[in-house]
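What you are looking at is a predicted structure, and each value in this text was computed from that prediction instead of being measured. Only heavy atoms go into these numbers, but all of them, side chains included; no hydrogens, no water, no symmetry mates. Quick note on labels: first sequence line is chain A, next is B, and so on, each numbered from 1.
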2 protein chains.
Amino acid sequence: MAYFEVGTRGQGAVATSGGAPVCATARTSFSDFGGKAVHYDPHAVIYYEGDPARRLYELLRGSVMLYKLLPDGRRQVVEVLQPGDIFGLANGEENDCTAETLTDALVQEVELRQVEQSNELQRTLARCLSNQMRGLHEHAVLLGRKSAVERVASFLMHLVPDRGGLDCTGPTNPDDDSCDLRLHMTRQEIADYLGLTIETVSRVISDLKRRGVIRVDKADRIHLNRICSLCQMTGMH
Amino acid sequence: MAYFEVGTRGQGAVATSGGAPVCATARTSFSDFGGKAVHYDPHAVIYYEGDPARRLYELLRGSVMLYKLLPDGRRQVVEVLQPGDIFGLANGEENDCTAETLTDALVQEVELRQVEQSNELQRTLARCLSNQMRGLHEHAVLLGRKSAVERVASFLMHLVPDRGGLDCTGPTNPDDDSCDLRLHMTRQEIADYLGLTIETVSRVISDLKRRGVIRVDKADRIHLNRICSLCQMTGMH
DNA sequence: CGAGATGTTGAAAGCACTCAACCATAGTGG
DNA sequence: CCACTATGGTTGAGTGCTTTCAACATCTCG
């Protein structure tokens, strides 16, 4: 599988990751164009769906989810953002999603006015957006066509750095095809991201555990015993 | 409901629509920046998933779908494009989707090299992409959280101009809340777009017919008898 | 330690899927 | 002109995966 494709995979949500912005190579940082870096606590709302869009946001550190609600309370998490991703762009309309932090997060906030004025920024913007678009395409396949097991396997694989992509060459060390993950999401958040219920997510994880593919150290600390086996379950092989 | 939100709703796929590009107000046209306008027959592939990305495409007339395939043949249509939408952007990677026409289509094709050089184009690009992003978010809710009936109702509503949005004020004429639609998609294409099977799409349409909400004149010509009733079934009210 | 939040498991139900047969339409060629 | 075929669409019966509802377990934190 290949969420967010090359260059953005596995950053931020992985305990062992570096955490550098990865949206594009040799890119212009938004911080060069004014605005301020703001810190948010975990589970803080940055803005609500329906709010007038005033600023452009770049995630510098931590992770943020974007979600939409239906009137009856059903929720769909539409994106899980990593450092380097941008959000809040609405073309003069209202924000179409709520933005909420998953972890502590550092966010660069720039007034949309200023964004309009910089050619350099527009260029970076286009590059970031088209990267995120790929992630959304991939996610549409997951939501529209994959089984529960495939969704959870895909979700876990996309947290593994340098694995599961088209260019994946398998484990570097054939005797140790394992990896430690931090999820930073509750079962409910995972379920809402994967278009499943909390119970189904829990059941699938228990199942993977029973089959020896993963080990659950704590609810949000998961050890992958055999990455390749997991990857085989994503529906992309 | 509100696919593609304000400004892009209901264009192109509707028989009665004007067909003017709608991606952004007062925008720069891609045709001003070289490249050539190419005509495609219905069901022609413009490029395949995995092909190296060479050009940027702007849809001028007709409609185009982007889809991804899983190795076992499952297909997900990730976007149905309208005039004004752009596609083919891949940031130096391979195309992540296959692009195939649904109808006769006129497409403006610009070498990516040239796109890189124009500030004006980059600006337009960012605006178009963030518009399309909204559509993808909306679609993720549909795929992840809506029932079969809600999906089909949402699909039909998004083909109706000026209705179903947040600013929808109901029928202009209280005695005639109806509308004629052309689908330009087979049941299979609709199913792959909505994350359903062809049989389920067919059954839901028959159901709407039985309930008197729609009338099916030909497989791809559907008359909405009561737009408001249909809108109530989208899950967004 | 106790209370609230979060996660797991079981049993039963439901919705969409699978498989299969049938129907409708359009195009072809005798 | 009409049988014949191909393609696309509809309908029915039965299955199965995910959901729903409910109980229970575990974790966190004052």
Worksheet item: Whole-Å distance between D/dT7 P and B/Glu189 CD?
Response: 15 Å
Item to complete: Consider only side-chain N and O atoms of B/His137 and A/Glu79, and report whether a donor and an acceptor are under 3.5 Å apart.
Response: yes
Worksheet entry | d(CD, B/Glu150; P, C/dC15) in whole Å | 12 Å
Worksheet entry | Separation between CE of A/Met133 and SG of B/Cys97, rounded to the nearest 0.5 Å | 9.0 Å
Worksheet item: Counting side-chain heavy atoms from C-beta on, which of D/dT19, C/dA16, D/dG9 comes nearest to B/Ser147?
Response: C/dA16
Worksheet entry | Under-4.0 Å side-chain N/O to phosphate OP1/OP2 contact, B/Thr200 with C/dA16 | no
Worksheet entry | Selection from C/dG7, C/dT18, D/dT19 that lies nearest to any side-chain heavy atom of A/Ala219 | C/dG7
Fill in: Spacing of B/Asp220 atom CG relative to C/dA26 atom P, expressed in whole Å
11 Å
Worksheet item: Which one of A/Asp104, A/Thr101, A/Thr103 satisfies the side-chain contact (heavy atoms from CB on, under 4.5 Å) criterion with A/Asp41?
Response: A/Asp104
Discussion item. Below the 4.0 Å mark, does D/dG9 have OP1 or OP2 next to a side-chain nitrogen or oxygen of B/Ser202?
Written reply: no
Worksheet item: Would B/Arg145 and A/Asp192 pass as an ion pair if we require N to O under 4.0 Å?
Response: yes
Worksheet entry | Atom-pair distance (CD1 on B/Ile198; P on C/dT18), nearest Å | 12 Å
Can you give me the N/O atom pairs linking the protein to nucleotides 12-15 of chain D at distances under 3.5 Å, or say none if there are none?
unit_1 : atom_1 : unit_2   : atom_2 : d
D/dG12 : N7     : B/Arg203 : NH1    : 2.8
D/dG12 : O6     : B/Arg203 : NH2    : 3.1

Practice prompt. Take the protein atom CD1 of B/Ile205 and the nucleotide atom P of D/dT11, then report the distance between them rounded to whole Å.
Written response: 11 Å
Worksheet item: Choosing from D/dT18, C/dT8, D/dT28, which nucleotide comes nearest the side chain of A/Lys218?
Response: D/dT28
Practice prompt. Would you please test B/Val78 and A/Glu138 for side chain to side chain contact (heavy atoms under 4.5 Å, CB included) and show each step?
Written response: CA-CA 8 Å; B/Val78 298; A/Glu138 190 67 43; over 6 Å; no
Response to the item:
note: B/Gln188, atom CD; D/dT7, atom C1'; distance rounded to Å ~ 13 Å
Discussion item. Quick check on the helix from C/dC1-D/dG30 to C/dG30-D/dC1: what's the angle between its two end axes, five base pairs per end, to the nearest 10°?
Written reply: 30°
Item to complete: Measure from CG on B/Leu194 to C1' on C/dC17 and round the result to the nearest Å.
Response: 15 Å
Worksheet item: If you round to the nearest 0.5 Å, how far is CG of B/Leu89 from CG of A/Asn131?
Response: 9.0 Å
Item to complete: Determine, stepwise, if the pair B/Arg215 / B/Asn225 fulfils side chain to side chain contact (heavy atoms under 4.5 Å, CB included).
Response: CA-CA 7 Å; B/Arg215 188 184 68 221; B/Asn225 296 319; 4.3 Å; yes
Discussion item. Angle between ring planes, A/Tyr193 versus A/His139, binned at 30° and 60°: parallel, tilted or perpendicular?
Written reply: parallel
Worksheet item: Parallel, tilted or perpendicular: which fits the ring planes of A/Phe87 and A/Tyr57, with parallel below 30° and perpendicular above 60°?
Response: parallel
Item to complete: Hey, which sits more toward the 5' end of DNA chain C by its nearest nucleotide, A/Ser206 or A/Arg145?
Response: A/Ser206
Fill in: Out of D/dT19, C/dG7, D/dG9, whichever nucleotide has its closest atom nearest the side chain of A/Arg187
C/dG7
Item to complete: Using a strict 4.0 Å threshold on nitrogen-to-oxygen distance, state whether A/Arg211 and A/Asp207 make a salt bridge.
Response: yes
Worksheet item: Looking for any heavy atom pair under 4.0 Å, which part of the strands does A/Leu196 touch: base, sugar-phosphate only, or nothing?
Response: sugar-phosphate
Item to complete: Quickly work out the B/Arg151 CZ to C/dC15 P distance and round it to whole Å.
Response: 14 Å
Discussion item. On the nucleotide D/dT19, are OP1 or OP2 found under 4.0 Å from the side-chain N or O atoms that A/Thr197 carries?
Written reply: yes
